[in-house]
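Please read the structure below before turning to the comments.
On a predicted model such as this, the values are computed, not experimentally measured, just so you know.
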Amino acid sequence: MKRYRIAALPGDGIGPDVTREALLVLEAAGERFGFRCDVREALIGGCAIDILREPLPGGTLEICLDSDAVLMGAVGGPKWDALPGAQRPEAGLLRIRSELKLFANLRPAIVFGPLRSASPLKEALLGDGLDLLIVRELTGGIYFGPRGRGGDGDETIAYDTEQYKKSEIVRIGRVAFEAARKRSKRLCSVDKANVLESSRLWRETMNALAGDYPDVALSHLYVDNAAMQLVCAPRQFDTIVTSNLFGDILSDEASQIAGSIGMLPSASLGAGTLGLYEPVHGAAPDIAGKDVANPLAAILSAGMMLRHSLGETEAADAVEAAVAAVIDDGFRTIDIAKDGRSAIGTRAMGQRVREALAT
């Protein structure tokens, strides 16, 4: 039997609730398809600060580097908001992405047909559904550029610097072109090239790369227009590639188009097979432990892990099919329960997915 080493970082808030269900689905997938995941849990984020006084302990990083893949929950919450930036839970997330050299974030946004009513958009805009992929650059841009404060009193200034090297744009661009090539061969690059010098380099580089992918149609949008187009004509998009900051914003917008941020998984990838997989949603500490969080984004993130890091394509297809079947059968957590439907809890939704996976 094949065995895989999985680092599980449940994190804060609802992270442990949804990660638990994703791990149970991984176990069920292994039983069906003949592999086993050996899971080691570790601390990251606020819980790591509380216990070890740092958002990414060295032991956590060691476990991740010694694993085939990393499954993560969510980090953060108001409890730690007063801490300096470098000591907050989110600093652990940024650092692990950098330390694992994970520069490409894949965020699929799918509107399942039965969930069209959960989307705030008119069903006429969604057609039979929506399936788009946002490819977000993950270790460059304003989140990693020079930052600081200066001056004092009313003259205090704070700055964060948006900067990209051409090589960083090339590598994320190739990931996006390859992804588009496997989909409908349409790639939209989003920037702010009418204002930002970094975006001008971004657009120049994407245009140069397009020559290596003559079968992929490349288009460009400014980020403000792209945000508008996502809500007024979302079906024009298939694959979107953009910078770290713009990708963070647009993917959250896309999550609402899909009906709930609790439906969006993500995969953070680098040059090798080691990847970090996490739901897009936050820690939502107000509902932690109440058995109401939607685990489907975490479960679908586990499915992306099976596909991209473990090479278990058949199992990945089965997990995605199980989620679709549960939705088709009318089961909903509270965030996607519309039209008077009753809601089930986190554990019950995970159980339904495992049952569908076994059939």
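Connection of Leu23 to Tyr277 is established within a shared hydrophobic cluster, with ILVMFWY side chains joined at heavy-atom distances below 4.5 Å, either directly or through further cluster members. Phe331 is connected to Phe112 through a chain of hydrophobic side-chain contacts under 4.5 Å among Ile, Leu, Val, Met, Phe, Trp and Tyr, so both are in one cluster. Both Val25 and Phe33 belong to a common hydrophobic cluster when Ile, Leu, Val, Met, Phe, Trp and Tyr are linked at side-chain heavy-atom distances under 4.5 angstrom. Phe246 and Val241 are not part of a single hydrophobic cluster, where members link through side-chain heavy atoms under 4.5 Å apart. Placement of Leu132 and Leu296 in two distinct hydrophobic clusters is found when ILVMFWY residues are connected by side-chain heavy-atom separations under 4.5 Å, directly or transitively.
Relative orientation of the Phe35 and Tyr4 rings is perpendicular, given thresholds of 30° and 60° on the angle between their planes. In this structure, Trp202 and Tyr164 have perpendicular ring planes: the angle between them is above 60°, well past the 30° mark.
By the neighbour-count criterion of 12 heavy atoms within 6.0 Å, atom CZ of Arg36 is sparsely surrounded, having that number or fewer from other residues, nucleotides or ligands. At most 12 heavy atoms of other shown residues, nucleotides or ligands fall within 6.0 angstrom of atom CG in Asp152. At most 12 non-hydrogen atoms from other residues, nucleotides or ligands lie less than 6.0 angstrom from CZ of Arg347. The number of heavy-atom neighbours closer than 6.0 Å to CD1 of Ile287, taken from other residues, nucleotides and ligands shown, is above 12.
Nearest heavy atoms, Ala284 versus Ile14: O-CG2, 3.5 Å. Closest approach of Ala302 and Leu26 over heavy atoms only: CB-CG, 3.9 Å. Nearest approach of Val170 to Leu209, heavy atoms of both residues: O-CD1, 3.7 Å.
Looking at heavy atoms from C-beta onward, Ile240 lies out of side-chain contact with Leu187 at the 4.5 angstrom threshold. Between Glu168 and Phe103, the closest side-chain pair of non-hydrogen atoms is not below 4.5 Å. Taking 4.5 Å as the limit, some side-chain heavy atom of Asn294 sits within range of a side-chain heavy atom of Met263. Counting heavy atoms from C-beta on, the side chains of Ile344 and Arg352 come closer than 4.5 Å. The shortest side-chain heavy-atom distance between Ser198 and Gln163 does not fall under the 4.5 Å cut-off. Contact of the His220 side chain with the Arg203 side chain is registered, since non-hydrogen atoms from C-beta on lie closer than 4.5 Å. Val175 is listed as a side-chain neighbour of Leu106, based on a closest heavy-atom distance under 4.5 Å. For the pair Phe237/Ser184, no side-chain contact is recorded, criterion being any heavy-atom separation below 4.5 Å from C-beta on.
In summary, Arg200 and Asp191 do not engage in a salt bridge, as defined by a charged side-chain N under 4.0 Å from a carboxylate O. The pair Asp212-Arg174 counts as a salt bridge, with a side-chain nitrogen and a carboxylate oxygen less than 4.0 angstrom apart. A salt bridge links Lys192 to Asp224: one of the charged nitrogens lies within less than 4.0 Å of a carboxylate oxygen. Using a 4.0 Å cut-off between charged side-chain N and carboxylate O, Lys166 and Glu204 make no salt bridge. Here Asp66 pairs with Arg40 in a salt bridge; the nearest charged N to carboxylate O distance falls below 4.0 Å. For the pair Arg354 and Glu21, the salt-bridge criterion is met [side-chain N within less than 4.0 Å of a carboxylate O].
Put simply, the side chain of Arg136 gets close to the backbone of Asn244: a donor and an acceptor are under 3.5 Å apart. Counting only distance, with no hydrogens or angles, the side chain of Ser301 and the backbone of Glu278 share a donor-acceptor pair below 3.5 Å. A donor-acceptor contact shorter than 3.5 Å links the side chain of Thr205 to the backbone of Leu201.
Separating the CG atom in Leu276 from the OG atom in Ser266 is a distance of 7.5 Å, to the nearest 0.5 Å.
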query = Would Val231 and Glu253 satisfy side-chain contact (heavy atoms from CB on, under 4.5 Å), going step by step from the backbone distance to the final call?
reply = CA-CA 8 Å; Val231 295; Glu253 182 185 18; 3.1 Å; yes
inquiry  = The test is side chain to side chain donor-acceptor pair (under 3.5 Å); show your working for Ser268 and Asn105 and say whether it passes.
reply    = CA-CA 4 Å; Ser268 299; Asn105 185 234; 3.0 Å; yes
message = Run the side chain to side chain donor-acceptor pair (under 3.5 Å) test on Trp80 and Asp50 for me, step by step, so that the C-alpha distance in whole Å, both residues' side-chain angles and the decisive distance to 0.1 Å come before the verdict.
response = CA-CA 9 Å; Trp80 304 282; Asp50 288 347; 3.0 Å; yes
